[in-house]
Amino acid sequence: MSCPSLLEMKIVAEENGQMKHTLHSRHLTMIALGGTIGTGLFIASGSAIDTAGPGGSLIAYAVMGIMVYFLMTSLAEMATYNPRSGSFTEYATRYVDPALGFAMGWNYWFCGAITVALELSTVGIVMNFWFPHVPAWIFSIIAFAIIFTINYLSVRTYGETEFWLSLLKVAAVVIFVIVGILVIFGVIGSGKALGLRNFTYKQAPFVHGLPGIISAFVVSGFSFQGTEMVGIAAGESKDPSESVPHAIKATFWRILLFYILTIFVIACILPYTNKHLLSSDVQDIVTSPFTLIFEDAGLRYAAGIMNFVILIAVLSSANSWLYAISRIIYSQSMDGFLWKGFRKVNRRGVPINSFLAMALLSLLLWGLQFIGPNVYNYLIGASSLGGFMEWLGIAIAHYRFRRGFIKQGHSLDEMAYHAGMFPFGPIFAFILCIIVIVGQDVSAFAKLDWSNILITYMSVPAFILFYLGYKIINHTHLVPLDKMKLK
């Protein structure tokens, strides 16, 4: 199986229409800044503090943040040199093995469709906070209509929507950090300075030792999921050589401010023994660390305000995932993995058949909850580790790309952007992803709880099955470094 040549891709593009390169630097920067700010940060972030203590959670988020930063610099290097809509799945195909690109593509669009379905359900739950007597499914359908329209219109519409939604999320986090710092110093709230007393409370700053930190890796890892969408959007950006590096640099500041500082503020105000830190359900918005701290500061209607912020975050997530998986399907078709009809691009630059297929699949998966909750729960379990499988693929693809680039006589000076600290970055990301995947539910293995093991880890054997199945059927091999098509 070989990738289409540039001439073949140009012919296909002319026959089916072309993608529109209308995303500007500000779009990519805000997608990078706000793309992963969601319920993982607003609701579940406290569980990391409960698991590992204030010190352990900060270490977990810092280490995971460094890993994600390296991973994004790896993606930025490939995306600026060879911008593609579908990016990392095509990089895996070109630089590693077509079987890996196929497995990553299947994994991403399927898990992404499940995520869209999950977020649609979450919209209904969030809206029931204000309208408890209205069926949640009505709000889910309205949300689907909104994100369908946004993605159907154009990539520019998607970019503008994400820009403003992400701006609102960023503003909420910045306000939270400022309010939290004022509470810590006793300027507002109780009037008493809290300082760092929670870092010396009982077993703090570290709880449950190294296993606690590893467990916090899992929570923090899920909080960072979705960062790789910048690489997908790069294929439709106006100037990827400038906008992608700029967006990736913004990732560092997001990690520093929106995660490390947020966890620090929560840990200073709420001790790790606070039972509300265990909450990870949007139905418990009143016990969200953000809500509790806003209430301590005397902010009226804190729960309602945070519920609105979470609604924005959920809509943004569903909108972004629908965009991303439609581009992955398009890329898979261009690579010859799927039906050629998915290559069709309308006059607005939308891969229309790919988009319609993913929108329909997401809606059908959402509807499975009415058949039986167990089916829905299994689907959620099947997608739980999907993001980490993609990250593994990105790390491997970049390692191979750089080696092939040098092997073929190229110089790093030819690149508009190149990742620093190679090969440490991709190797570090690869190792940490393996640790997170294995450590996802160690207790289930200790108890030989096969039901939980199946639900938690089913995405791993599914990924391997698709990889080996494609490899055996199509007799693919590892792409030689001196023969890989760098562009």
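Only a predicted model underlies this, so the values are computations on that prediction, with no experimental measurement involved. What you see below is based on every heavy atom in this structure, not just the backbone, and it leaves out hydrogens, waters and symmetry mates.
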Have Lys169 and Ser316 got a donor and an acceptor in their side chains that come within less than 3.5 Å?
yes
Kindly compute the distance separating OG1 (Thr93) from CZ (Arg84), expressed to the nearest 0.5 Å.
11.0 Å
side-chain contact (heavy atoms from CB on, under 4.5 Å) between Ile328 and Gln332, worked out:
CA-CA 6 Å; Ile328 290 293; Gln332 292 274 281; 4.2 Å; yes
Using the test side chain to side chain donor-acceptor pair (under 3.5 Å), find all partners of Glu236 that sit at least two apart in sequence or belong to another chain.
Tyr323, Arg327
Strictly under 6.0 Å, is that where the ring centroids of Tyr399 and Tyr95 end up?
no
Tell me which pairs pass side-chain hydrogen bond (donor to acceptor under 3.5 Å, both in side chains) where either residue lies in residues 59-69, with sequence neighbours left out.
Tyr61-Ser223
Mind telling me whether His24 and His27 have parallel, tilted or perpendicular rings, with 30° and 60° as the class edges?
tilted
To the closest 0.5 Å, what do you measure between OG (Ser74) and CD1 (Ile396)?
11.5 Å
Test log, rule ring-ring contact (aromatic ring centres under 6.0 Å, His included), inputs His398 and Tyr91:
CA-CA 8 Å; His398 178 235; Tyr91 300 148; 9.9 Å; no
List for me each residue that meets ring pair (Phe, Tyr, Trp, His ring centres under 6.0 Å) alongside Tyr81, sequence neighbours excluded, and say none if there are none.
Phe401, Phe405
Kindly indicate whether the side chain of Asn107, heavy atoms from C-beta on, has any atom under 4.5 Å from the side chain of Met104.
no
Check ring pair (Phe, Tyr, Trp, His ring centres under 6.0 Å) between Phe355 and all other residues, then give those that pass, not counting sequence neighbours.
Phe148
Quick check: do Val436 and Met64 have side-chain heavy atoms less than 4.5 Å from each other?
yes
Pairing donors with acceptors under 3.5 angstrom, does anything connect the side chains of Ser237 and Asp239?
no
What pairs meet the salt bridge (Lys or Arg N to Asp or Glu O under 4.0 Å) rule with one or both residues in residues 467-478, with sequence neighbours excluded?
Asp97-Lys471
Can you spot which of Trp391, Phe424, Phe422 makes a ring-ring contact (aromatic ring centres under 6.0 Å, His included) with Phe70?
Phe424
Where is the tightest heavy-atom contact between Met229 and Ala324, given as atom of each residue plus distance?
CG-CB, 4.2 Å
Check whether any side-chain heavy atom of Trp339 sits under 4.5 Å from a side-chain heavy atom of Ser333, and report yes or no.
no
So the salt bridge (Lys or Arg N to Asp or Glu O under 4.0 Å) pairs with at least one residue in residues 99-109 (sequence neighbours excluded) are none
Please enumerate all residues that pass side chain to side chain donor-acceptor pair (under 3.5 Å) together with His208, with sequence neighbours excluded.
none
All heavy atoms of Gln408 vs all of Leu486, minimum pair found to be OE1-CD1, 3.6 Å
Applying ring pair (Phe, Tyr, Trp, His ring centres under 6.0 Å) to Tyr467 and not counting sequence neighbours gives none
If I compare all heavy atoms of Ser331 with all of Glu90, which pair ends up nearest, and what's the gap?
OG-OE1, 3.5 Å
Qualifying side-chain hydrogen bond (donor to acceptor under 3.5 Å, both in side chains) pairs, either residue in residues 50-59, two or more places apart:
none
Validation row: Phe463, Leu385 side chains within 4.5 angstrom (heavy atoms)
no
When you measure from the side chain of Thr157 to the backbone N and O of Leu153, does any donor-acceptor pair fall under 3.5 Å?
no
Hey, does the side chain of Ser87 reach the backbone of Pro83 with a donor-acceptor pair shorter than 3.5 angstrom?
no
The ring pair (Phe, Tyr, Trp, His ring centres under 6.0 Å) partners of His418 (sequence neighbours excluded) come to none
Phe222 and Phe388: side-chain contact (heavy atoms from CB on, under 4.5 Å), yes or no, with the steps?
CA-CA 9 Å; Phe222 279 108; Phe388 294 104; 3.8 Å; yes
CD on Glu242 to CG on Leu28, rounded to 0.5 Å:
10.5 Å
Determine whether a donor-acceptor pair (N or O, by modelled atom type, separation under 3.5 Å) exists between the side chain of Ser354 and the backbone of Phe342.
yes
Glu228 versus Tyr108, side-chain donor and acceptor atoms under 3.5 Å:
yes
What I'd like to find out is whether the side chain of Leu311 reaches to under 4.5 Å of the side chain of Val123, using heavy atoms alone.
yes
Is it the case that atom CZ in Phe428 sees more than 12 heavy atoms from other parts of the structure closer than 6.0 Å?
yes
To the nearest 0.5 angstrom, please state how far the CE atom of Met67 sits from the OG atom of Ser220.
8.0 Å
Looking at every heavy atom in both Thr80 and Ser241, which two are closest together, and how far apart are they?
CG2-CA, 4.1 Å
Quick one: CG on Asn353 to CG on Leu356, what's the gap to the nearest 0.5 Å?
6.5 Å
Okay, side chain of Glu414, backbone of Ser411: is any donor-acceptor separation there less than 3.5 Å?
yes
To the nearest 0.5 Å, tell me how far Ser326 OG sits from Tyr158 OH.
9.5 Å
Evaluate side-chain contact (heavy atoms from CB on, under 4.5 Å) for Arg400 paired with Leu478, printing each intermediate quantity in order.
CA-CA 10 Å; Arg400 294 269 305 162; Leu478 188 68; 3.7 Å; yes
Does NE2 in His477 sit with more than 12 non-hydrogen atoms of other residues, nucleotides or ligands closer than 6.0 Å?
no
Compare all side-chain heavy atoms of Lys20 with those of Lys238 and state whether any distance is below 4.5 angstrom.
no
Applying side chain to side chain donor-acceptor pair (under 3.5 Å), can you list everything that pairs with Thr22, at least two apart in sequence or on another chain?
none
Side-chain contact, heavy-atom cut-off 4.5 Å: Leu277 with Ile266?
yes
Which pairs with one or both residues in residues 351-361 pass salt bridge (Lys or Arg N to Asp or Glu O under 4.0 Å), sequence neighbours excluded?
none
If you compare all heavy atoms of Leu315 against all heavy atoms of Ala143, which two are closest, and at what distance to 0.1 Å?
CD2-CB, 3.9 Å
For Asn319 and Glu162, which I'm curious about, is there any donor-acceptor pair between the side chains at under 3.5 Å?
yes
When you measure from the side chain of Glu77 to the backbone of Gly420, do you find a donor-acceptor pair of N or O atoms at a distance under 3.5 Å?
no
When you compare the side chains of Ser320 and Ser317, does any donor N or O come within less than 3.5 Å of an acceptor on the partner?
no
Kindly indicate, with the supporting measurements, whether the criterion side-chain contact (heavy atoms from CB on, under 4.5 Å) is fulfilled by Ile147 and Val116.
CA-CA 10 Å; Ile147 65 172; Val116 174; 4.2 Å; yes
For Ala397 and Val96, which heavy atoms make the closest approach, and how far apart are they?
CA-CG2, 3.6 Å
Parallel, tilted or perpendicular: which describes the rings of Phe466 and Phe102, with under 30° parallel and over 60° perpendicular?
tilted
